[in-house]
Amino acid sequence: MSTLETSGPQRVPELWFEDANVIFQAGQKLFRVHRSILSARSPIFNDMFSVPQPAAETQSGTINNDCECIHLPDSEVDVYYFFLAIFDASFFEGPPSTPFLGILISILRLSTKYEVAFLKRRAVSHLNALFPPDRHAMQASLKTLFIKFGIQDNKTKLMLLEIMALATAAETRWLIPGAFFITAQIPLPTLFRHASWKKMTKTFQERFLISREAYMDEWHTSGAWIASIPTGSCTTPKCCRTKQRFWVKQTLEAGPIFFTKLLADDGPVWKDYSTDFCEECLWKSKSGVIAAVNNIWDGYPRLLGLPSWDVLMKEKAAFERS
């Protein structure tokens, strides 16, 4: 194999169709695909093809007059997943299949940019299942995120920053709160060092940090009920006071992580944190936690600079009807 062949852009075998008539280059990858299919799927590509493009040059240096050559500014990974979703019907199916988050992000990004409506709707349908604007549905979804997508590690959590940024461009704002639930747990030093954060716009970074601060303040304020433990009718004040201190420690140290655990699975989590209370303090603490979770959830969109849950639900319904 010659030096020219190994050092230049490389064909992607599964997206190189010999009878196709347009070659795209993204990064160091080449994709030979059918312009008629892209024109039918995307008004952006349809307009792009109306502008004369240079003939493609083969790897041996000869000119191929049967193919146009178009350079795309998008990442080769994004283009790979995007074109696979268009040219291979089995690659990106709708729910209940569960594609990787990276694939979802790539397809949502380019289907929004190039206005491929059916792919955008399919990507959003997957994200709707993961980040629903409904508390009870969100409980089930958080379990899926933790179990199926391994969302516990910070690297995976950081991918959700891109979903938050894309949700605004894609006019799917109801996805933002669910993604923020997870990303708010990332320690700031980890966040600031990561490439995903650095490539976000300054506007996004500022809005995220302001929302995160408001969320932390809301969580700490909502825990004011803990000061009433032990209650006046407590039967085991020493034990309940010890447990109360434990709750304070968890609230201050774990913050939104603890809230997310309660929201995701309040049964087992509550059992872990409710032992050692007398009956009176148990009732008071449980009612306090329920009220705190409800208050945070109800006012949550406001903390992110978004409209109410009702408005977000209407936006979601309108998108699904369109």
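Values reported hereafter were calculated over all heavy atoms of this structure, with side chains retained and with hydrogens, waters and symmetry mates removed. The structure presented is a predicted model; accordingly, all values stated were derived computationally and were not measured.
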Qualifying residues under side chain to side chain donor-acceptor pair (under 3.5 Å), relative to Arg207, sequence neighbours excluded: none
Rounded distance [0.5 Å steps], CG in Leu209 versus CG in Leu188: 6.5 Å
Residue list, salt bridge (Lys or Arg N to Asp or Glu O under 4.0 Å) with Arg41, at least two apart or on another chain: none
Separation between OG of Ser322 and CD of Glu171, rounded to the nearest 0.5 Å: 9.5 Å
For Glu206, all residues meeting salt bridge (Lys or Arg N to Asp or Glu O under 4.0 Å), sequence neighbours excluded: none
Minimum side-chain heavy-atom gap Leu175-Asn128 below 4.5 Å: yes
Shortest non-hydrogen contact from Gln10 toward Gly8: NE2-O, 2.8 Å
Validation row: Val33, Asn21 side chains within 4.5 angstrom (heavy atoms): no
Ile70 side chain reached by Gln25 side chain, heavy atoms, under 4.5 Å: no
Under 3.5 Å side-chain donor-acceptor pair for His194 and Ser196: yes
Parallel, tilted or perpendicular: rings of Tyr114 and Phe45 (30°, 60°): parallel
Worked check of side chain to side chain contact (heavy atoms under 4.5 Å, CB included) between Ile163 and Phe180: CA-CA 9 Å; Ile163 290 176; Phe180 182 85; over 6 Å; no
Heavy-atom pair of closest approach, residues Gln244 and Ala227: NE2-CA, 4.2 Å
Under 3.5 Å: donor-acceptor pair, side chain of Arg35, backbone of Phe49: yes
Side-chain donor/acceptor of Thr190 to backbone N/O of Ile186, under 3.5 Å: no
Interatomic distance, Ser39 atom OG to Asn46 atom CG [nearest 0.5 angstrom]: 4.5 Å
Gap between atom CG of Leu108 and atom NZ of Lys120 - 0.5 Å precision: 7.5 Å
Non-hydrogen atoms of Ala26 and Glu76 that approach each other most closely: O-CB, 3.2 Å
Neighbour count above 12 (heavy atom, 6.0 Å) for Glu279 CD: no
Side-chain heavy atoms of Trp283 within contact of Phe277, under 4.5 Å: no
Arg32 and Glu18: CA distance, side-chain angles, deciding distance, side chain to side chain contact (heavy atoms under 4.5 Å, CB included) verdict: CA-CA 7 Å; Arg32 182 170 178 170; Glu18 292 297 341; 3.9 Å; yes
Distance-only donor-acceptor check, side chains Gln185 and Lys157, under 3.5 Å: yes
Side-chain heavy atoms of Asp134 within contact of Trp297, under 4.5 Å: no
Heavy-atom donor-acceptor pair, Tyr215 side chain to Ala184 backbone, under 3.5 Å: no
Ring centres under 6.0 angstrom apart (Phe92, His126): yes
Backbone N/O of Thr168 and side chain of Thr172: donor-acceptor pair under 3.5 Å: no
Donor-acceptor contact present, side-chain Glu115 to main-chain Ile44, <3.5 Å: no
Derivation of the side chain to side chain contact (heavy atoms under 4.5 Å, CB included) call for Leu30 and Val12: CA-CA 6 Å; Leu30 297 172; Val12 177; over 6 Å; no
Shortest non-hydrogen contact from Ile229 toward Cys240: CG2-O, 3.9 Å
N-O pairing of Lys113 and Asp74 below 4.0 Å: yes
Student check: side-chain heavy atoms of Leu166 and Thr112 closer than 4.5 Å: no
Approximate separation, where rounding is to 0.5 Å, of Phe204 CZ and Lys199 NZ: 11.5 Å
Pair Glu93 + Arg122: basic N to acidic O under 4.0 Å: no
SB check Lys284 Glu280 (cutoff 4.0 Å): no
Phe118 versus Ala85, closest heavy-atom pair with distance: CZ-O, 4.4 Å
Mutual orientation of the aromatic rings belonging to Tyr81 and Phe91 [parallel < 30°, tilted 30-60°, perpendicular > 60°]: parallel
Glu320 backbone acceptor or donor facing Arg121 side chain under 3.5 Å: yes
Pair Phe181 and Phe131, ring centroids less than 6.0 Å apart: no
Ser97 side-chain N/O to Gly94 backbone N/O, donor-acceptor pair under 3.5 Å: yes
Any Ile210 side-chain heavy atom under 4.5 Å of Phe208 side chain: no
Positive for side chain to side chain contact (heavy atoms under 4.5 Å, CB included) with Phe31, one of Phe82, Trp16, Tyr80: Tyr80
Joint hydrophobic cluster, Met313 plus Phe319, side-chain heavy atoms closer than 4.5 Å: no
Parallel, tilted or perpendicular: rings of Phe83 and Phe87 (30°, 60°): perpendicular
Leu160 and Leu101: CA distance, side-chain angles, deciding distance, side chain to side chain contact (heavy atoms under 4.5 Å, CB included) verdict: CA-CA 8 Å; Leu160 303 189; Leu101 283 175; 4.0 Å; yes
Check: Asp78 main-chain N/O paired with Ser75 side-chain donor or acceptor under 3.5 Å: yes
Same apolar cluster (I L V M F W Y, side chains within < 4.5 Å links), Phe17/Phe24: yes
same_hphob_cluster(Ile182, Phe100) at 4.5 Å side-chain heavy-atom cutoff: yes
Distance-only side-chain donor-acceptor flag, Asp310 / Ser308, under 3.5 Å: no
Cys281 to Thr231 - nearest heavy-atom pair and separation: SG-N, 3.5 Å
Residue pair Lys29 / Pro9, side-chain heavy-atom distance below 4.5 Å: no
Approximate separation, where rounding is to 0.5 Å, of Leu304 CG and Ser211 OG: 5.0 Å
